[in-house]
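First the structure, in the form of structure tokens, and then the observations on it.
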Amino acid sequence: MIETNRPAAAPADDEPDLLRDQFRQLLRYRRLIAGGIAVGLLGGVYLGISTADTYVATADVVLRAPTDDPFNPSLAPDKAINVGSERQVALSSSTANEAAKKLGVSAKDFAALRAGLQVTNPPQTMVLRFTYTADSAKEAAKRANAMADAYLLKRLESLDATRDKMVKGYKDQRDPVAKNLDELSKEIARMPAGSGRDAASSSKTDLQSEVGGYNSKITKLEALDMTPGRVTSAATPPTATDGPGIVMSLALGAAVGLALGLLAAWVRLVFDPAPRSEGDVARALRAPVLGYLPRDRTGGGPLLAAGEADPRLAEEYRSVAFRLAYDARFADRRRLLVVAPRGSSETAAAVAVNLAASFAETGKDVLLIEADLRTPVLASQLPTDAGGRPRWSQGQGGTPAAGRHADSEWPDGRQLIVDAGESGSFDLIPGDRARNVPRALTSARATQLISEADAPNSTVVVLAPPVLSYADALALVDRVDGVLVVTDPRAIHRTDLIRIRELISGAGGTVLGAVLHAPLPGEKRGKDKGKGGPATAGPVSPAKPGNGAPQPQPIPYEVAQAEQHIPGDGTDTVALRTVRMGRR
């Protein structure tokens, strides 16, 4: 037989599907995304309110370097002016002091005056842009212009001071030379003609040239145009506030919040130890995902059979059974062990029962063995009938082995028939509390029951406790081989799935696949429900006509006792499609 249930590898170029899958995974963290949007909206509200009465005025000042010929094309102002340094001067306290004198701002408001100013330099320009923010439109324009004028005044004072200092330096160098020139001129006037007079005249010429050079430099400095710049665009009172408005603020806040929420969801997704998709489960178990049980809309827990308000659940069980039937590993021995990772076994029990019903529907002889000897409840929760001589007890006579007591040993020969409604019926070996669970599970009788699957057209389904909570399932793996893991992917870590696969492989078994389901009603993610209090089964419908008296109300799972169920008393046969699973 060809094995068909192998996890198919995703095409390497299937990028749209991968993106859709990642987006669906991000949507798992709706609370983080909603929280990010809420934070963004709050920020938008704050922005809209805080800028509702804020006005911004702008004045532009173009800088120029001192020059004696402003029309000289070789002059490069950007080489003579460091715009970055000038911006720092515009923001300095000296400029603010000058503006404060003009505006009449007191010392206590000086810090607020400086805080409202922002000076920027548009790229590739010699322009300083004075932007002032205030609570009043007129005040913003007034202070922006005052700051620009104060800067130009301070820059002019700085340039004038530099020029005066240079002029004074040249004069200090010229005056001694000019004094020597006057003395030499008087001496030459008294000297007779001759070689001495000629030498003194030559020295006089040199001194006159030196004095003329100093005078030329002084004249050039005094002739410089020291204009520091001009205001090209004076600030005017703005007609509207600077803020984007409450509507735009909310829109911006929502967009930023959505981005933050998606970022937080992505970070949470990266560090989430739980499987992010069915592919993660398949890779961890190295087995395909055979089905994903739809969420129960009725709120009463997973359904046990078809005929309920939501038929999708029964069809999903049939689909899982069909996939198992065409798996070569299962078809060889037809022995299936159904387990949950840890916590509640409620859904695992539902899967085991419904798979047994689905196999029975195909005409197979099905035996369901409840190997959960710690909290056995199937006998009290399923419509059963003791019937005649069980066909699964041949060789045992339907009675306990000699020297054993039926109330203390398991299996004790008790065998029930479960009415699966339209699906037919299958046999049930109910669990019973045992003093030594490992010995009971490894007994010769348990081994013989499981080997009944070797008969033609027969199938054995075994329900065991959670594999990570107890070692009971591992004691059965070498006789069952095929294991079906039933889990909520959001309540288990990928490392746990890998550990399950390693434990089952180490015990000589094979993981045939996994059945995923949504969290149970009232169950919190990541919490083990096995530690919780007792839970009751869902409501039971009236019995089918001809099946005896009306059914009693179901009892809680945790307190179910063997003596509370009397097989064949005429009160325990109801339509399987109306029964709901309780808590385990």
Side-chain angles (χ1 to χ4, degrees), residues 55-134 137-173 216-238:
Y55 296 88
V56 176
T58 302
D60 290 339
V61 174
V62 60
L63 304 179
R64 63 186 303 272
T67 180
D68 57 349
D69 185 4
F71 302 104
N72 186 359
S74 63
L75 183 63
D78 58 330
K79 302 297 183 181
I81 300 176
N82 189 324
V83 181
S85 299
E86 295 300 327
R87 177 177 174 274
Q88 296 300 321
V89 172
L91 292 171
S92 65
S93 58
S94 60
T95 302
N97 282 326
E98 187 68 29
K101 295 177 183 178
K102 183 177 181 180
L103 296 172
V105 177
S106 60
K108 65 178 182 179
D109 297 331
F110 180 74
L113 175 66
R114 292 190 64 186
L117 177 65
Q118 182 180 7
V119 180
T120 58
N121 169 235
Q124 305 299 325
T125 65
M126 299 295 294
V127 175
L128 290 182
R129 181 162 294 165
F130 291 76
T131 303
Y132 200 91
T133 304
K138 293 182 178 179
E139 190 69 16
K142 181 179 179 182
R143 293 194 174 190
N145 289 326
M147 285 291 187
D149 294 340
Y151 165 73
L152 291 176
L153 180 61
K154 297 300 295 183
R155 175 170 167 76
L156 179 60
E157 291 178 354
S158 176
L159 293 175
D160 287 341
T162 301
R163 181 184 63 178
D164 293 344
K165 185 177 180 179
M166 294 184 66
V167 169
K168 182 177 179 302
Y170 285 138
K171 287 182 178 180
D172 291 343
Q173 297 178 44
S216 176
K217 292 179 180 180
I218 293 173
T219 302
K220 186 175 181 180
L221 285 174
E222 291 178 344
L224 287 177
D225 182 3
M226 303 301 294
T227 303
R230 69 179 187 278
V231 177
T232 58
S233 177
T236 57

Measure the spacing between [atom1] of [X] and [atom2] of [Y] and express it to the nearest 0.5 Å.
X    : Y    : atom1 : atom2 : value
R163 : L224 : CZ    : CG    : 7.0 Å
E157 : L152 : CD    : CG    : 11.5 Å
N97  : K102 : CG    : NZ    : 15.0 Å
L63  : T227 : CG    : OG1   : 12.5 Å
R155 : L128 : CZ    : CG    : 9.0 Å
M147 : T131 : CE    : OG1   : 12.0 Å

- CA sep, side-chain torsions, deciding dist, call: V167, K171, side chain to side chain contact (heavy atoms under 4.5 Å, CB included): CA-CA 6 Å; V167 169; K171 287 182 178 180; 3.7 Å; yes
- Query: Taking only residues two or more places apart in sequence, or in another chain, which ones meet F130 in a ring pair (Phe, Tyr, Trp, His ring centres under 6.0 Å)?
  - Reply: Y151
- Ion pair present between D172 and K168, side-chain N to carboxylate O less than 4.0 angstrom? yes
- Item | Side-chain (R87) to main-chain (V119) donor-acceptor, under 3.5 angstrom | yes
- State whether the side chain of T162 and the backbone N or O of S158 hold a donor-acceptor pair below 3.5 Å, judged by distance alone. yes
Considering all heavy atoms of both residues, which atom of [X] and which atom of [Y] are nearest to each other, and what is their separation?
X    : Y    : answer
L117 : A90  : CD2-O, 3.8 Å
Y132 : A112 : OH-O, 3.7 Å
V231 : D149 : CG2-OD1, 4.1 Å
V83  : T125 : CG2-O, 4.4 Å

- Item | All pairs passing salt bridge (charged side-chain N to carboxylate O under 4.0 Å, His left out) where residues 119-129 contributes a residue, at least two apart | D60-R129
- Partners passing side chain to side chain contact (heavy atoms under 4.5 Å, CB included) against N145 (at least two apart in sequence or in another chain): A59, A234, A235
- Message: Just to verify, what does L103 make a side chain to side chain contact (heavy atoms under 4.5 Å, CB included) with, not counting sequence neighbours?
- Response: V105, L113, K142, R143, A146
- Which pairs with one or both residues in residues 111-120 pass side-chain hydrogen bond (donor to acceptor under 3.5 Å, both in side chains), sequence neighbours excluded? none
- Which residue pairs pass the ring pair (Phe, Tyr, Trp, His ring centres under 6.0 Å) test with at least one member in residues 82-128, sequence neighbours excluded? none
